[in-house]
K.L.:
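What follows is a structure written as structure tokens; I'll ask about it next.
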Amino acid sequence: MKWTRRELISMGAVGLAAPFQSSCINPKPEARLLPSRTPLPKPFEAVLRVPAVLQPVNTDSATDYYDVTVKEARAEILTGRQTAIWGYNGTFPGPTIEARSGRQVSLKLRNALPVPIVNHLHGGHTPSESDGYPTDLIIPAGGFPVSHMQDSMARIAQGERDYLYPNKQRAATLWYHDHRMDFTGPQVWRGLAGFYLLHDEAERNLPLPRGEKDIPILICDRSFDADGSFLYPALDPSLRTQAGVPHEYMGGVLGDVILVNGAPWPRLEVADTKYRLRILNASNARRYELALDPPPTGTSFVQIGSDGGLLAAPLRHRTIRIAPAERFDVVIDFSQYRQGSRVTLVNKADSGASGQIMRFDVVRHERDESRIPERLAGDVPPPDHGSAGLTRTFNFSYQRGMQSWTINGKPFDEARMDAQPKLGSTEVWQLKTDFSHPLHLHLVHFQVLSHSGRPGPYDAGWKDTIDLGPGQAANILVRFSDFRGRYVFHCHNLEHEDMGMMGNFEVV
Ligand code: C2O
Ligand code: CU
Ligand code: CU
């Protein structure tokens, strides 16, 4: 007897275990804190590290070739203790891939974990077969029972797979992460995420901070078990068969330790000059409202880029709200502080330990060669509503009867195509929510036409993820170009995604 995913979900076999069914029927599953079972580390003792840049194993005129093994490893995240992680080449975050617009990247990914993996380049304009569709598994070299898999279109690889990223897109801060069907939340939590920085000439020619003053910052929250390991409420901690978390964590898992590039509340010594930070929220479910404490007399953050690369012109913010999967490229000007100042990057969305993120210590004077030009990129035209053909509406909500996160009332089903946009067409997608959901489309970058009224302060530029608050609606303008095939769109709260809030579109 075979069950479809939908049937399994309505039976409570996906996302819910029998012992939890009766214990807690929460009508509104909010994201929930999972407290660590070990004393929290002290903030600002660790030093911020920047993930190592991955070296290609080979290059030719058109392509850089990379080899990465995904494996178990140990990392010292808490001082003097070892945390078992799953990492790309055994590191968390994974090594940074530096790519150039117009040169392709071929990534050979070997799976040395005991469970299947899938790799997705988030923000990548990628052909379908390399996009990391959730059932396009790389199962372990020794095999893995996938008989329960219902997806006849799945492209299963054993041991390894080559992903091809054309990089025919503008410079942008992208990231890669695991996307295994039903298990993305726990696998990213264990460490499967890293940066992919795409550069181009237009960006290189701008006088922005560069070199050691251009820093990728991956922020995520985690909780730790008594033995120092990552704590996650998986129903099946081996992540082999049963997916999901107990009902009370269906709204999302929040950790109580904030990691930046894998270190708890680190600090960084800076000069009194401008720095470019490429900020990524790689948390499963946590939103941050970033601010500087003390605030400078002038501007805290000058935003120069969003998910899909540089903005047309810089935008000034006092605080930045960043939801899971979003990126904000910002410049902070530390010349606004006196030498000796300690400037904390805080999270105004929370108090206590998770109200802090990292600290900058302004320790030296340097001449600043960098500048933020008033025009950054020429290729962010104002959205042209008139060019759009079809309008589609998608409702993102929790269905209490099914105990599932859904789109238009239905949990994910790989056999159901939710939209078939034509290649080369432009559409308006109207997104509506019940609770807060950071919504993400694969393949494309879009422009925000409206967001419960006018586009919000954090919707500028080309986006691939838009954060909607409870009961909000947004219209986004999406162009489907270059690649045909099957892709997903989903909520990037990873627990919502794993528990049904994902749909399919096929470019035809
Ligand atoms: Cu980061 Cu399917 O997404
Ligand atoms: Cu994506
Ligand atoms: Cu959601």
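Order of appearance sets the numbers: ligands from 1, and atoms from 1 within every ligand. As the structure is a prediction and not an experimental result, all values here were calculated from the model.
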K.L.:
Would you mind reporting whether Arg327 and His122 have side-chain heavy atoms less than 4.5 Å apart?
P.N.:
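In short, these two side chains touch, coming nearer than 4.5 Å.
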
K.L.:
Using the Cu ion (ligand 2) as the apex, give the angle to atoms NE2 (His440) and NE2 (His120), rounded to 10 degrees.
P.N.:
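It is 170°, given to the nearest 10°.
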
K.L.:
Got a sec: is His492 within less than 2.8 Å of the Cu ion (ligand 3) via an N/O/S atom?
P.N.:
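Given the 2.8 Å cut-off, His492 does not count as a ligand of the Cu ion (ligand 3).
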
K.L.:
Taking 2.8 Å as the cut-off, does an N/O/S atom of His179 lie below it from atom 1 (Cu) of ligand 1?
P.N.:
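It does not: His179 brings no N, O or S atom closer than 2.8 Å to atom 1 (Cu) of ligand 1.
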
K.L.:
Could you label the plane-to-plane angle of the Tyr487 and Phe505 rings as parallel, tilted or perpendicular, counting under 30° as parallel and over 60° as perpendicular?
P.N.:
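Taking Phe505 first and then Tyr487, their aromatic rings lie parallel (interplane angle under 30°).
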
K.L.:
Are any of the side-chain nitrogens in Arg103 or Asp64 under 4.0 Å away from the carboxylate oxygens of its partner?
P.N.:
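Yes, Arg103 and Asp64 are salt-bridged.
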
K.L.:
What's the ND1-the Cu ion (ligand 3)-SG angle here (His437, Cys491), rounded to 10 degrees?
P.N.:
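Reported to 10°, the angle equals 130°.
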
K.L.:
Under 2.8 Å from atom 1 (Cu) of ligand 1, is there any N, O or S atom belonging to His120?
P.N.:
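False for His120.
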
K.L.:
Looking at His496, which of its N, O or S atoms is the nearest one to the Cu ion (ligand 3)?
P.N.:
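Going through the N, O and S atoms of His496 one by one, ND1 ends up nearest to the Cu ion (ligand 3).
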
K.L.:
One thing to verify: whether Arg100 and Asp200 come together as a salt bridge, which I'm taking to mean a side-chain N less than 4.0 angstrom from a carboxylate O.
P.N.:
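Between Arg100 and Asp200 there is no salt bridge, as every charged N stays at least 4.0 Å from the carboxylate O atoms.
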
K.L.:
Which atom name would you report as the N, O or S atom of His122 nearest atom 1 (Cu) of ligand 1?
P.N.:
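Nearest N/O/S atom: ND1.
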
K.L.:
Can you confirm whether more than 12 heavy atoms, excluding those of Arg321, are under 6.0 Å from its CZ atom?
P.N.:
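At most 12 heavy atoms, drawn from other residues, nucleotides or ligands, come within 6.0 Å of this atom.
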
K.L.:
Using a 4.5 Å cut-off on heavy atoms from C-beta on, say whether the side chain of Lys348 contacts that of Thr319.
P.N.:
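In short, these two side chains touch, coming nearer than 4.5 Å.
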
K.L.:
Look at His177 and state whether any of its N, O or S atoms is less than 2.8 Å from atom 1 (Cu) of ligand 1.
P.N.:
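Within the cut-off used here (under 2.8 Å), His177 does place an N, O or S atom near atom 1 (Cu) of ligand 1.
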
